[in-house]
Protein chains: 2
Amino acid sequence: MNNNLYEKKAQIFKALSNPVRLEIMDLLANGEKCVCEIVENLNYEQPHISKSLIKLKEAGLIKDRKDGLNVYYSLKICCMGEFFNCLNKIFEQGNN
Amino acid sequence: MNNNLYEKKAQIFKALSNPVRLEIMDLLANGEKCVCEIVENLNYEQPHISKSLIKLKEAGLIKDRKDGLNVYYSLKICCMGEFFNCLNKIFEQGNN
DNA sequence: ATTATATATTCCAACTATGGCATATATAAT
DNA sequence: ATTATATATGCCATAGTTGGAATATATAAT
């Protein structure tokens, strides 16, 4: 496998390597949300949420859609669910 | 879900958010390897490989076993394969 | 005991991420 | 045109990551 591909994958994991961004992914797993809804749900400043969303988008994990003043974000990747389920099982087993 | 769990998951993703460590995971996916074998395969200094292995171990992704002078590392997590396959498909589709 | 080998640790400079605050932009409403 | 609202951008101090070079530790062989 070429190095560039490891770089790309690392970028995806980097985007997911932050609790705020993981929480956003969890929110979006329940369906499309505008930035304002995400800000309401999470205890962070709006600019920080915006930056987090942009990072997830750049990694190709989410996509956005504009409607009037609002920007709606939603998941673009389908395999998060399985992987998270697996991680959850591991945590339940108390291996970490 | 409590915040602590997001922290823990973020730690796992952080461990995977580096091309060298991903390459190590790939090597270990083909079976247990000692540090020296990993050093032979990857173009990095031994101390750096050691540190990478320790980081993966602390995240609960790999385990180690000592035998004489050698330390053998192997995967401890079973769901990497599926997730990597999914990521590969996404890359093949050229979405990133 | 000395030496060789495999792995881990420490130190460090360059780089990158984090998250708040202030501000800019874009659209909508009056 | 002015004002209000939603989102994005820039700046910044602090903290964490990266990967090399030198060194330490642990086990094995002579």
Side-chain angles (χ1 to χ4, degrees), chain A residues 3-4 6-28 31-74 76, chain B residues 3-4 6-28 31-74 76:
Chain A
N3 288 352
N4 208 3
Y6 285 116
E7 268 302 344
K8 279 186 188 171
K9 279 190 193 173
Q11 274 310 115
I12 290 188
F13 286 115
K14 199 165 285 180
L16 293 168
S17 71
N18 172 283
V20 181
R21 295 195 293 269
L22 285 178
E23 215 164 342
I24 290 175
M25 289 297 281
D26 243 16
L27 283 177
L28 296 184
E32 189 184 61
K33 300 256 180 315
C34 70
V35 179
C36 56
E37 289 173 294
I38 298 170
V39 171
E40 273 167 28
N41 270 281
L42 306 185
N43 210 12
Y44 285 90
E45 299 293 321
Q46 174 271 320
H48 185 46
I49 300 289
S50 266
K51 281 182 274 188
S52 299
L53 286 163
I54 286 162
K55 199 155 196 174
L56 288 168
K57 188 186 158 193
E58 282 173 349
L61 294 166
I62 64 179
K63 59 184 190 243
D64 63 344
R65 173 179 78 79
K66 232 173 166 175
D67 182 10
L69 275 178
N70 299 294
V71 177
Y72 289 90
Y73 283 91
S74 56
K76 195 181 154 190
Chain B
N3 287 352
N4 208 2
Y6 285 115
E7 269 300 347
K8 278 186 188 171
K9 279 190 193 173
Q11 275 310 115
I12 289 188
F13 285 115
K14 199 165 287 181
L16 292 168
S17 72
N18 172 282
V20 181
R21 295 195 293 268
L22 285 179
E23 216 163 342
I24 290 175
M25 289 297 282
D26 244 16
L27 283 177
L28 296 184
E32 189 185 60
K33 299 255 181 317
C34 69
V35 179
C36 55
E37 289 174 294
I38 299 170
V39 170
E40 273 167 28
N41 269 281
L42 306 185
N43 209 13
Y44 285 90
E45 300 291 322
Q46 174 272 320
H48 185 46
I49 299 290
S50 265
K51 280 183 280 187
S52 300
L53 285 163
I54 286 160
K55 200 156 195 173
L56 288 169
K57 187 186 159 193
E58 281 172 351
L61 294 166
I62 64 178
K63 60 183 188 240
D64 64 343
R65 171 180 79 78
K66 233 176 165 172
D67 182 11
L69 275 178
N70 299 293
V71 177
Y72 289 90
Y73 282 92
S74 56
K76 195 181 153 188

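Below, chain A is the first sequence line, B the second, and so on; all start at residue 1.
When the C1' atom of C/dT7 is taken as reference, atom NZ of B/Lys57 falls 12 Å away, rounded to whole Å. The separation between A/Leu56 atom CG and D/dT7 atom C1' is 16 Å, rounded to whole Å. C/dA17 atom P lies 17 Å from atom CZ of B/Phe13, rounded to whole Å. The distance from atom CD1 of A/Ile54 to atom C1' of D/dT7 is 8 Å, rounded to the nearest whole Å. Separating the CG atom of A/Leu16 from the C1' atom of C/dT18 is a distance of 17 Å, rounded to the nearest angstrom. When the C1' atom of C/dA6 is taken as reference, atom CD1 of B/Ile38 falls 13 Å away, rounded to whole Å. Put simply, CD on A/Glu23 is 11 Å from P on C/dG19, counting in whole angstrom units. Rounded to a whole Å, the CD atom of A/Gln11 is 11 Å from the P atom of D/dT18.
Looking at every heavy atom in both residues, B/Arg21 comes nearest to B/Ala15 through NE-O, 2.6 Å. For A/Ile38 against A/Leu28, the heavy-atom pair with the smallest separation is CD1-CD2, 4.1 Å. Contact detail for A/Val39 and A/Tyr44: the closest heavy-atom pair is CG1-O, 4.2 Å. Among all heavy-atom pairs drawn from B/Pro19 and A/Tyr6, the shortest one is CB-CB, 4.0 Å. Closest approach of A/Leu27 to A/Lys33, counting heavy atoms only: O-NZ, 3.6 Å.
In this structure, C/dA29 and D/dT2 make a Watson-Crick or G-U wobble pair, each of the two defining distances being under 3.5 angstrom. Judged by Watson-Crick or G-U wobble contacts below 3.5 Å, the nucleotide D/dT14 has C/dA17 as its partner. In this structure D/dA24 sits in a base pair with C/dT7, meeting the Watson-Crick or G-U test at under 3.5 Å.
Residue B/Lys14 is in sugar-phosphate contact alone, with no base atom involved, counting any heavy-atom pair closer than 4.0 Å across all strands shown. Across all strands, B/Tyr73 comes closer than 4.0 Å only to sugar-phosphate atoms, never to a base (heavy-atom distances).
In this structure, B/Lys55 reaches the D/dT18 phosphate: one of its side-chain N or O atoms is under 4.0 Å from OP1 or OP2. Phosphate proximity of C/dA17 to A/Arg21: absent, as no side-chain N or O sits under 4.0 Å from OP1 or OP2. Phosphate proximity of C/dA17 to A/Asn18: absent, as no side-chain N or O sits under 4.0 Å from OP1 or OP2.
Interface residues of residues 40-49 of chain A facing DNA chain D, ordered by number: A/Gln46, A/Pro47; criterion, heavy-atom separation under 4.0 Å.
A heavy-atom distance below 4.5 Å is not found between the side chains of A/Leu61 and A/Lys55. Side-chain contact between B/Asp64 and B/Leu53 is absent, with no heavy atoms from C-beta onward closer than 4.5 Å. Taking the side chain as every heavy atom from C-beta outward, B/Glu23 and B/Val20 never approach each other to under 4.5 Å.
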Checklist outcome for this item: Nucleotide by nucleotide, nucleotides 24-30 of chain C touches protein heavy atoms under 4.0 Å in the pattern (B base, S sugar-phosphate only, - none) --BBS--
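Between B/Lys51 and B/Cys34, the residue anchored nearer the 5' end of DNA chain C, judged by the nucleotide with its closest heavy atom, is B/Cys34.
Taken to the nearest 0.5 Å, the CD1 atom of B/Ile24 stands 10.5 Å off from the CG atom of B/Asn41.
Among A/Asn18, A/Leu22, A/Ile12, the one residue that satisfies the side-chain contact (heavy atoms from CB on, under 4.5 Å) test with B/Phe13 is A/Leu22.
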